[in-house]
Undergrad: 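Take a look at this one; I'll ask things after.
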Amino acid sequence: MTANLKPIRTKSDYKAALVDVERLWGAKSGTPDGDRLDVLATLIDVYEAVHFPMDPPDPIEAIKFRMEQQGLTRKDLEPLIGSRTRIAEVLNRKRNLSIEMIRRLHEKHGIPAEVLIRPSRDKWVA
């Protein structure tokens, strides 16, 4: 197929690009089909970012997800957040993360700082 690539502007362009990607899936990198697949994936990514934006995750959910991913316990968070009580307050949304907690969680576990700095989806309780 030698169809020219063009920006994805409409829903039908998007659907056609998805069909093309499915057809090209698994193409070797560096081949004409592989190059087309790479370009289509980039175009689809841009279209989806504009038309189907995703909200960043809640900071507490991000911490819990990372704990599950890495098999961490609350005890493992003590050097980063503080005492067991402080960890419970943070994970139960009774205390906000401090800048130092955010910095340590980001550096030690790779949780994006821009996620951690966001307000929690549940209102903070004093």
Side-chain angles (χ1 to χ4, degrees):
M1 197 177 259
T2 60
N4 291 331
L5 289 173
K6 62 182 182 114
I8 299 173
R9 293 189 178 103
T10 65
K11 195 177 222 179
S12 64
D13 291 343
Y14 175 67
K15 288 180 180 180
L18 291 175
V19 168
D20 211 9
V21 163
E22 188 174 336
R23 181 185 65 77
L24 295 169
W25 197 254
K28 273 191 157 185
S29 186
T31 65
D33 281 349
D35 290 347
R36 183 175 179 83
L37 177 61
D38 287 344
V39 172
L40 279 170
T42 302
L43 292 171
I44 289 169
D45 188 46
V46 169
Y47 181 87
E48 288 176 345
V50 170
H51 292 85
F52 311 114
M54 291 178 58
D55 290 334
D58 174 77
I60 302 307
E61 293 307 315
I63 293 168
K64 290 178 178 178
F65 178 73
R66 187 56 50 109
M67 288 173 69
E68 184 179 318
Q69 268 187 325
Q70 296 180 346
L72 302 172
T73 65
R74 287 182 176 213
K75 180 134 181 88
D76 296 321
L77 296 180
E78 286 181 12
L80 310 173
I81 294 178
S83 68
R84 289 184 307 165
T85 303
R86 173 84 28 98
I87 293 166
E89 290 172 343
V90 167
L91 294 181
N92 291 322
R93 303 171 197 278
K94 295 185 189 264
R95 177 181 291 272
N96 285 327
L97 291 165
S98 71
I99 295 298
E100 283 305 312
M101 291 175 196
I102 291 168
R103 189 174 287 129
R104 289 188 293 255
L105 286 163
H106 170 70
E107 289 171 359
K108 176 78 174 168
H109 295 293
I111 303 171
E114 58 271 13
V115 168
L116 294 171
I117 203 162
R118 293 176 49 82
S120 180
R121 288 195 182 121
D122 292 338
K123 284 192 175 183
W124 183 64
V125 180

Undergrad: Please work out whether the ring planes of Y14 and F52 are parallel, tilted or perpendicular, with thresholds of 30° and 60°.
TA: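 Taking F52 first and then Y14, their aromatic rings sit tilted (interplane angle of 30° to 60°).
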Undergrad: How far apart are the C-alpha atoms of K28 and D33, what are their side-chain angles, what is the distance that settles it, and do they pass the side chain to side chain contact (heavy atoms under 4.5 Å, CB included) test?
TA: CA-CA 7 Å; K28 273 191 157 185; D33 281 349; over 6 Å; no
Undergrad: Could you check I111 against H106 for side chain to side chain contact (heavy atoms under 4.5 Å, CB included), going step by step and ending with a plain yes or no?
TA: CA-CA 5 Å; I111 303 171; H106 170 70; 5.6 Å; no
Undergrad: Please report the shortest heavy-atom distance between I117 and I102, naming the atom on each side.
TA: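 In this case the closest contact between I117 and I102 is CA-CD1, 3.9 Å.
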Undergrad: Donor-acceptor pair, T42 side chain versus D38 backbone, under 3.5 Å?
TA: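 Pair found, side chain donor or acceptor close to backbone of D38.
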Undergrad: H109 and side chain to side chain contact (heavy atoms under 4.5 Å, CB included): which single residue from M67, Q69, Q70, R104 fits?
TA: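 Going through M67, Q69, Q70, R104 one by one, the side chain to side chain contact (heavy atoms under 4.5 Å, CB included) with H109 is satisfied by Q70 alone.
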Undergrad: Heavy-atom distance under 4.5 Å between the side chains of L116 and R103, does that happen here?
TA: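 No; the side chains remain at least 4.5 Å from each other.
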Undergrad: May I ask you to decide whether D58 forms a salt bridge with R93, counting only side-chain N to carboxylate O separations under 4.0 Å?
TA: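 Yes, D58 and R93 are salt-bridged.
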Undergrad: Should E78 and K75 count as an ion pair when the cut-off is N to O under 4.0 Å?
TA: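 Result for this pair is yes, salt bridge flagged.
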Undergrad: When rounded to the nearest 0.5 angstrom, what distance separates CG in L105 from CG in L97?
TA: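 CG of L97 is found 6.5 Å from CG of L105.
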Undergrad: Side chains of T73 and D76 only: does a donor on one sit below 3.5 Å from an acceptor on the other?
TA: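 On atom types as modelled, these side chains qualify, holding a pair under 3.5 Å.
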Undergrad: Is L91 reachable from L80 through a run of I, L, V, M, F, W or Y residues, each pair having side-chain heavy atoms under 4.5 Å apart?
TA: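 Linked, L80 and L91 end up in one cluster.
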Undergrad: Is it true that atom NZ of K64 has more than 12 heavy atoms of other residues, nucleotides or ligands lying nearer than 6.0 Å?
TA: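 Check passes, neighbour count above 12.
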Undergrad: Over all heavy atoms of both residues, which pair between A17 and L40 is shortest? Give the atoms and the distance, please.
TA: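 Heavy atoms only, the tightest pair is CB-CD2, 4.0 Å.
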Undergrad: Measure across G82 and I87 and return the closest heavy-atom pair with its distance rounded to 0.1 Å.
TA: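 Looks like O-CD1, 3.5 Å.
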Undergrad: I'd like to know whether R84 forms a side chain to side chain contact (heavy atoms under 4.5 Å, CB included) with R74, so could you lay out the CA-CA distance, the side-chain angles of the two residues, the decisive distance to 0.1 Å, and finally the verdict.
TA: CA-CA 7 Å; R84 289 184 307 165; R74 287 182 176 213; over 6 Å; no
Undergrad: For a quick test of reading the model, state the closest non-hydrogen atom pair linking H51 to P53 and the distance between them.
TA: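 Where H51 meets P53 most closely, the heavy atoms are C-CD, 3.4 Å.
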Undergrad: Taking atom CG of L18 as the centre, does the number of heavy atoms from other residues, nucleotides or ligands within less than 6.0 Å exceed 12?
TA: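 More than 12 heavy atoms, drawn from other residues, nucleotides or ligands, come within 6.0 Å of this atom.
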Undergrad: Judged by atom type as modelled, is there a donor-acceptor pair below 3.5 Å linking the side chain of D13 to the main-chain atoms of R9?
TA: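 Such a contact is found between D13 side chain and R9 backbone.
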Undergrad: For the pair D20 and R23, find out whether any cationic side-chain nitrogen is under 4.0 Å from an anionic carboxylate oxygen.
TA: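 Yes, charged N to carboxylate O under 4.0 Å.
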Undergrad: Walk me through it: do V46 and I8 pass the test side chain to side chain contact (heavy atoms under 4.5 Å, CB included)?
TA: CA-CA 9 Å; V46 169; I8 299 173; over 6 Å; no
Undergrad: Is it possible for you to say whether L37 and V39 belong to one hydrophobic cluster, with membership spreading through side-chain heavy-atom contacts below 4.5 Å?
TA: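 As far as the 4.5 Å side-chain criterion goes, V39 and L37 are connected within one cluster.
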Undergrad: Looking only at heavy atoms, which two atoms of P59 and P119 are closest? And how far apart?
TA: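 Looking at all heavy atoms of both residues, the shortest contact is CD-O, 3.8 Å.
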Undergrad: Locate the shortest heavy-atom distance separating I63 from L77; write the atom from each residue and the value.
TA: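 Nearest pair, atom of I63 first, then L77: CG2-CD1, 4.2 Å.
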Undergrad: Salt-bridged, E89 to K94, with N to O below 4.0 Å?
TA: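 Answer for the salt bridge query: no.
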Undergrad: Just to verify, what does S98 make a side-chain contact (heavy atoms from CB on, under 4.5 Å) with, not counting sequence neighbours?
TA: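 So S98 forms a side-chain contact (heavy atoms from CB on, under 4.5 Å) with E100, M101.
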